Amino acid sequence: MIVPRPIAPRMLRLAALGLASLLLLAYVLGPVMWLLSSSLQTEREIVSIPPHWIPESPTLANFKAIFATGLGLARPSPAGTDPSSGGFIPSVAANLLPAMANSFIVAVTVTILNLLIGVPAAYAIGKIRFRGRGLTLYAILATRVIPDIALVVPLFLVVRKLGMLDSLASLIIAYLAITVPFSVFVLASFFEQMPDDLDRAARVDGCSRLRVLTHVYLPLARPALVAVGLFAFLASWNEFLLALMFTQTAASQTLPIVVAGITSDFTVSFSFLNAAGVLAVVPPVLLAVIFERYIVSGLTAGAVKG
Amino acid sequence: MRAVTHDERAAAGLLAGLVAVLMAVTAFPILYSLWISLFAVNLRRPNRMPFVGLDNYIAVLSSPAFWGSVGRTALFSALAVAAILVIATLVALLLDQEFPGRRILSACLLIPWAIPSVVNGLMWKWIYDSNYGALNGLLLQLGFIGSATIWLGDSNRTLPLIANAFIWKEVPLAAILLLVTLKSIPADLYGAAAVDGAPAWRRFFAITLPALRPGFLLVTLYEAMMAVRHFDLFFLLTEGGPGGASDVVAWRIYVETFRNLSFGTGAAMSYILAIATLLMSYALIRGMARTL
């Protein structure tokens, strides 16, 4: 006999799930909200005890200063200006927008090169049987086990010898090493799942391998391409250690380097520091939230076999 | 036969880019690093580079300071991996349920994963700030502490606090991986157990937890690798301090190489770390595969 489920347990279940969801939201968003709230406070408000969780007089002054100095519309305040009087613009403010531009150039270039190098390689591994296929897969896996810090010393010496220190090119090449193996891995597992018949039918029709790839598989692989492109972009945008070693001046410094510099600078107000952090967070977080579906499926494709 | 050779040639062409990248930016540096680690390279004396054989390795392995940093790395990693496993399992179990708002929740979950580690460091440094930070503010307002605490200045608290920042950023990925494993559990298993009248908690321990094992292995492996090599938060939050309390192996490699400019010992240490990571992954796979 089927008895309709009583209402009370169902309500209880929803209430429990709601409570758990709220807890998770607070855990995930709490720190970020505090970062955001701090970035909108004045230098006077940011040092109140107890802290103001919601700014009493929210201000965009920090962001205005970043954009005005970055675009050359305003000058940083001269040393000796009293920071507590408000409107104090630290000299590092002028470096943030150029650093953001550097980050964009590096991340976009790495993303494009990733697809250009990764797609053909992944297609070969996923769809062609050849000698050395196993070895290639092992090599890719090995690169994921080796810590990036182990690559730092030799890469630094090579980059220095080639006279490429403090250039965006050195960063782009180094980031390819981090991102390409993962891209190939995700894409190869994607190609592998696609039916071989497509390949065979097109080849019988006289298509070359390259045409099969560009005309048959690529249109189908769009979700995987989006995921892989996003991973390459985010990894390059967020990378810190190698950029710390290779860059020396504002000409090549990426956003994480400039933000890290501000973090250890005691003359910069806490509210400005948080504004710089928000600036670095907005692009990757927007991308992640907008493309959540692609990212989740890409991450699982890369991990399940890794 | 012809088809095979043709395929080999096609594969070679398609793989050229990948092979070039792997050779130039991974294989070569690894071999070069091995070479450097056999010399006494110090950038303060760039023209003298005597061959010292395994002296760098002996020096590193016989230094108590190095083993101290190994211990701290192990403690940090163990703390982080254990907490990530517990929290991510809870998150995955929650997201495995159907309820309104689930999709928004899983989109928000990606935010910590997407945040640059530098900003993660900045954010937690500000939260832990001894004067105006959120942690002191919250605990004072709730009455848990009587006066502001200097959180990162306490050498007993430094590693757990840095681990906490690391955990916050790593939980989303771990939860996603565990959620995929959860989704792969055949629904009939639960159906059969429900017919048998097994209560929810028994179903959890008899079906869900054992079925999650491959996910646990994957998460443990991945997060242990990430934790052992982690550098960014140590640089941003404490610079190895206070008094060496957060002096982990990755930090030590950085200091040895770029502050002491001893590239030979730095390279030797990185090599030891890389080999240790490989051995650890191997042991984890073997050990956990046996219990599966």
Side-chain angles (χ1 to χ4, degrees), chain A residues 14 17 20-21 24-25 28-29 31-32 34-35 38 46-47 50-51 117 120-121 123-124 128-131 136 139 143 145-151 153-155 173-174 176-177 180 184 209 234 238 240-241 256 259-260 263 270 273-274 277 280-281 284-285 288-289 292 295-296 299-300 303, chain B residues 7-8 10-11 14-15 17-18 21-22 25-26 29 32-33 36 91 94 97 99 101 105-119 122-123 125-127 132 134 137 140-141 168 173 176-177 180 218 225 229 231-232 236 250 253 257 263 266-267 270-271 273-274 277-278 281:
Chain A
L14 267 187
L17 287 174
S21 305
L24 179 59
L25 268 189
V28 168
L29 294 183
V32 189
W34 162 251
L35 178 84
S38 303
I46 195 91
V47 292
I117 298 169
Y123 170 68
I128 304 177
R129 302 281 161 255
F130 58 92
R131 259 180 298 143
T136 317
T143 59
V145 178
I146 292 160
D148 47 1
I149 196 153
L151 295 176
V153 179
L155 278 179
I173 294 171
L176 284 179
V180 166
V184 173
R209 286 268 179 207
L234 292 180
N238 296 353
F240 176 64
L241 178 62
V259 171
T263 310
F270 290 119
L273 172 66
N274 283 288
V281 154
V285 164
V289 173
E292 185 243 351
I295 289 175
V296 170
L299 282 176
T300 48
Chain B
D7 275 359
E8 302 260 333
L14 292 165
L15 285 167
L18 172 71
V21 167
L22 286 181
V25 211
T26 313
Y32 188 41
S33 175
I36 297 166
V91 173
L94 172 64
Q97 310 290 318
F99 57 94
L105 198 61
S106 50
C108 287
L109 184 66
L110 274 184
I111 292 177
W113 172 80
I115 282 184
S117 61
V118 166
V119 182
L122 174 165
M123 193 176 77
K125 192 179 184 186
W126 172 228
I127 289 173
Y132 315 111
L140 278 170
Q141 276 184 332
W168 182 80
L173 177 60
I176 289 170
L177 298 179
V180 177
L218 188 64
M225 279 189 336
R229 71 180 63 169
F231 169 79
D232 299 5
L236 281 145
I253 293 174
T257 312
F263 280 64
S270 345
Y271 236 83
L273 177 65
T277 312
L278 276 170
S281 329

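Every chain is numbered from 1, with letters handed out A, B, ... down the list of sequences. Keep in mind that what you see is a predicted model, and the values were worked out from it rather than measured.
- Of the possible polar contacts, one joining the A/Asn238 side chain to the B/Ala114 backbone as a donor-acceptor pair under 3.5 Å is found.
- For B/Ile127, the parts lying under 4.5 angstrom from a heavy atom of chain A are both the backbone and the side chain.
- With a threshold of 4.5 angstrom between heavy atoms, B/Val25 approaches chain A through its backbone and through its side chain.
- With a 4.5 Å cut-off on non-hydrogen atoms, B/Ile111 touches chain A through its backbone and its side chain both.
- For A/Phe130, the ring pair (Phe, Tyr, Trp, His ring centres under 6.0 Å) criterion is met by no residue, not counting sequence neighbours.
- Between atom OH of residue B/Tyr271 and atom CD1 of residue B/Ile36 there is a gap of 10.0 Å, rounded to the nearest 0.5 Å.
- For A/Leu241, the parts sitting under 4.5 Å from any heavy atom of chain B are the backbone and the side chain alike.
- No other option in B/Ala274, B/Ala107, B/Gly101 has as many heavy-atom pairs under 4.5 Å with chain A as B/Ala107.
- Comparing B/Thr257, B/Leu94, B/Leu273, B/Ile176 by how many heavy-atom pairs each has under 4.5 Å with chain A, the most go to B/Leu94.
- From A/Leu25, atom CG reaches atom CG of B/Leu109 across 9.5 Å, with rounding to the nearest 0.5 Å.
- Heavy-atom pairs under 4.5 Å with chain A were tallied for B/Val21, B/Leu236, B/Leu15; the largest tally goes to B/Leu15.
- Contact of A/Leu273 with chain B is made through backbone and side chain together, with heavy-atom distances under 4.5 Å.
- Residue A/Ile295 touches chain B through its side chain alone, counting heavy-atom pairs closer than 4.5 Å.
- Ranked by heavy-atom pairs under 4.5 Å with chain A, the first of B/Gly17, B/Pro112, B/Ser106 is B/Ser106.
- Across every non-hydrogen atom of A/Ala124 and B/Leu14, the tightest pair is CB-CB, 3.8 Å.
- Between B/Phe231 and B/Ile253, the closest side-chain pair of non-hydrogen atoms is not below 4.5 Å.
- For a residue to count as touching a neighbouring chain, one of its non-hydrogen atoms must lie under 4.5 Å from one of that chain's; by this rule A/Ile173 touches chain B with backbone and side chain alike.
- Ring pair B/Trp126/B/Tyr132 is tilted by interplanar angle, where 30° to 60° counts as tilted.
- Of all the listed residues (A/Ile117, A/Ile149, A/Val32, A/Val180), the one sharing the greatest number of non-hydrogen pairs under 4.5 Å with chain B is A/Ile149.
- For the pair B/Arg229 (side chain) and A/Val145 (backbone), a donor-acceptor distance under 3.5 Å is present.
- For the side-chain hydrogen bond (donor to acceptor under 3.5 Å, both in side chains) test, no residue two or more places apart in sequence or in another chain qualifies with A/Ser21.
- With a threshold of 4.5 angstrom between heavy atoms, A/Ile128 approaches chain B through side-chain atoms but not through N, CA, C or O.
- Heavy-atom minimum distance, B/Gln97 versus A/Leu17: CG-CD2, 3.7 Å.
- For B/Ser33, the parts lying near chain A are the backbone and the side chain together; criterion is any non-hydrogen pair under 4.5 Å.
- Separation of atoms CG (A/Leu35) and CG (A/Asn274) is listed at 5.0 Å; rounding is to 0.5 Å.
- Between chain B and the residues A/Pro256, A/Ala288, A/Ala280, the largest count of heavy-atom pairs under 4.5 Å involves A/Pro256.
- Only the side chain of B/Leu22 comes within less than 4.5 Å of a heavy atom in chain A; its backbone stays farther off.
- When the candidates A/Ala139, A/Ala174, A/Pro284 are compared by the number of heavy-atom contacts under 4.5 Å with chain B, A/Pro284 comes out ahead.
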Working for side chain to side chain contact (heavy atoms under 4.5 Å, CB included), residues A/Val184 and A/Thr136: CA-CA 11 Å; A/Val184 173; A/Thr136 317; over 6 Å; no
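- B/Ser281 touches chain A through its side chain: at least one heavy atom from C-beta onward sits under 4.5 Å away, while N, CA, C and O do not.
- Interface remark: A/Leu24 contributes side-chain atoms only to the contact with chain B (heavy atom separation under 4.5 Å).
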